[in-house]
Amino acid sequence: MSDAQLFRATIFHTAADPFHDAGALRSHADGGLLVRDGRIIACGGFDEVRRTDAEATVVDWRGGVVLPGFVDAHVHFPQLRIIGRLGRSLLDWLEQAALPEEARMADVVYATDTAVRFVSALAAHGTTTALVFGAHFAAATASLFDAAAVAGLRIISGLVLSDRFVPSALRQTVESAYRDSSELIRRFHRGGRLLYAVTPRFALSTSDAMLEMCQSLVGEHDGLRVQSHINEDRDEIRKVAEAFPWARNYTDVYDRFRLTGARAVLAHNVHATDAELERLAATRTAIAHCPSSNAALGSGIFPLRRHIDAGVRVALGTDVGGGTGIGMMKEGLQAYLMQRVAPDGEVLDAARILYLSTLAGAEALGLAHDIGSFCPGKAADFVYLKPPAGGVLDAVLQRASGVEEVLTALFTLGGSESVSEVRVEGSVVFQHDGR
Ligand SMILES: [Zn+2]
């Protein structure tokens, strides 16, 4: 008797980067995903996979679609409750909307409640892995890690660091930031599915000394990630130039303290110079593209083609609460829409949208050996999509004649109501009631 499970559904994943490999998309109209002990044993046409293990228990999800779990490469848990504060630009929005809510995270009860809601919202939208900005407070950041551990999601997060620009309640000293970060790393880094990311809020809110401390942390512990923001808004960029008169550009600020590199994910980069793109590519630094946020805050249109041409790695992030929601399908659609109206935009086909929402994030986070696609040996992190019967997406999928149409319809119309079940390493982390 086999203890494996064989999931039968329409299956899509990207086995490679479709911006560089035209054959990256794998699609199986009647597909099989064979899972044992939380790992993927095989993925392909159902009959073919069935032959590799005739004893496996079949889970019949025909009529639905299975995708790799979504990877959100940039999101802020303390901002869950301020989604939708429209009409402001970055610095005004930070002052009026984001930072006052961030200050409420000093209340650990409020922070814990927000963390629990945030993590369950990720799972309910099919996001199995996320790089998350914690809070400016250690206890609140710990509450996110605790909530993630209970929920079973892969969360990379860290204490948000600032010692200038933000209100005094959100500032740390370099010494307290070092002490609190070190303690959080000791408690949570590499605990189960959790990893720690050194998280200077952005250049404007951190002094040279704070960035130097970030560099020390990265040097003292193996496997840490780094996350921050870069080149989001023109006013912000002007202020960063004033704050760091020695820096040639925004990238140079982080680069000076070795906070660029293969383990670093910087959000936005809407207004990057060619010299910066060259440096980001050379250091293998990844950019988290957040199209909803860029539009909502009027930050600008992301130059995706320039990033691709320069060889800069790009993933996708919702950037809640600057962004407009937790769902990565909606974010994939927004990336497509922004590129359609961008001067010199890329037309994102189904493969590229799926890649940006899954494998690209895994690559940016240094986790592509383990997640992001259905290649054998990887962890069985996946989302089962089954749109509500009688709804618009259901009607569209019944009419769809090609696999590309199914995938682009999912990204166009799919929300949390279409997420039926979500698994991480084969274990259920979300199940929709009543379907
Ligand atoms: Zn952000």
Side-chain angles (χ1 to χ4, degrees), residues 71-86 88-103 105 114-115 118 121-122 127 130-136 140-141 144 155-162 165-166 170 197-206 214 225-237 239-240 250-251 253-254 259 264-272 285-300 302 314-328 330-331 334-335 338 361 364-365:
V71 180
D72 188 340
H74 182 74
V75 59
H76 301 250
F77 103 79
Q79 297 175 14
L80 183 75
R81 299 183 211 239
I82 57 149
I83 294 171
R85 302 279 184 91
L86 303 178
R88 299 179 190 279
S89 295
L90 175 65
L91 297 180
D92 184 35
W93 173 83
L94 278 172
E95 187 185 321
Q96 301 295 328
L99 297 180
E101 182 70 4
E102 296 264 3
M105 296 298 139
T114 305
F118 172 82
L122 289 181
T127 298
L131 178 62
V132 185
F133 266 58
H136 289 256
T141 304
L144 173 71
I155 295 293
I156 308 176
S157 189
L159 179 68
V160 181
L161 305 173
S162 292
F165 180 76
V166 299
L170 296 175
V198 176
T199 309
R201 180 165 200 107
F202 64 149
L204 199 52
S205 74
T206 44
C214 291
R225 273 50 168 186
V226 173
Q227 61 176 341
S228 194
H229 298 90
I230 190 167
N231 287 322
E232 180 173 1
D233 169 280
R234 292 197 187 280
D235 288 339
E236 171 219 12
I237 294 166
K239 284 195 157 64
V240 168
Y250 206 143
T251 302
V253 175
Y254 299 129
L259 299 174
V265 180
L266 303 176
H268 305 304
N269 212 33
V270 173
H271 306 286
T285 308
I287 296 300
H289 170 36
C290 307
S292 293
S293 170
N294 296 162
L297 296 173
S299 302
F302 182 69
V314 176
L316 201 58
T318 61
D319 194 26
V320 156
T324 58
I326 289 286
M328 286 295 290
K330 173 172 149 176
E331 204 61 42
Q334 184 69 17
M338 293 285 278
L365 300 178

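Counting starts at 1 for both ligands and their atoms, in listed order.
In summary, Asp319 places an N/O/S atom under 2.8 Å from the Zn ion (ligand 1), meeting the contact criterion. Metal site remark for the Zn ion (ligand 1): His229 contributes an N, O or S atom at a distance under 2.8 Å. Among the atoms of Cys290, no N, O or S atom falls under 2.8 Å of the Zn ion (ligand 1).
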request  = Would you check, one step at a time, whether the test side chain to side chain contact (heavy atoms under 4.5 Å, CB included) holds for Leu365 with Val265?
outcome  = CA-CA 7 Å; Leu365 300 178; Val265 180; 4.0 Å; yes

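Taking the six-membered ring where the residue is Trp, the centroids of His289 and His268 are separated by 6.0 Å or more.
Checking Arg201 against Thr206 by side-chain atom types alone, no donor-acceptor pair falls below 3.5 Å.
Ring geometry for His229 against Phe202 counts as perpendicular: the plane angle is over 60°, on a 0 to 90° scale with 30° as the lower cut.
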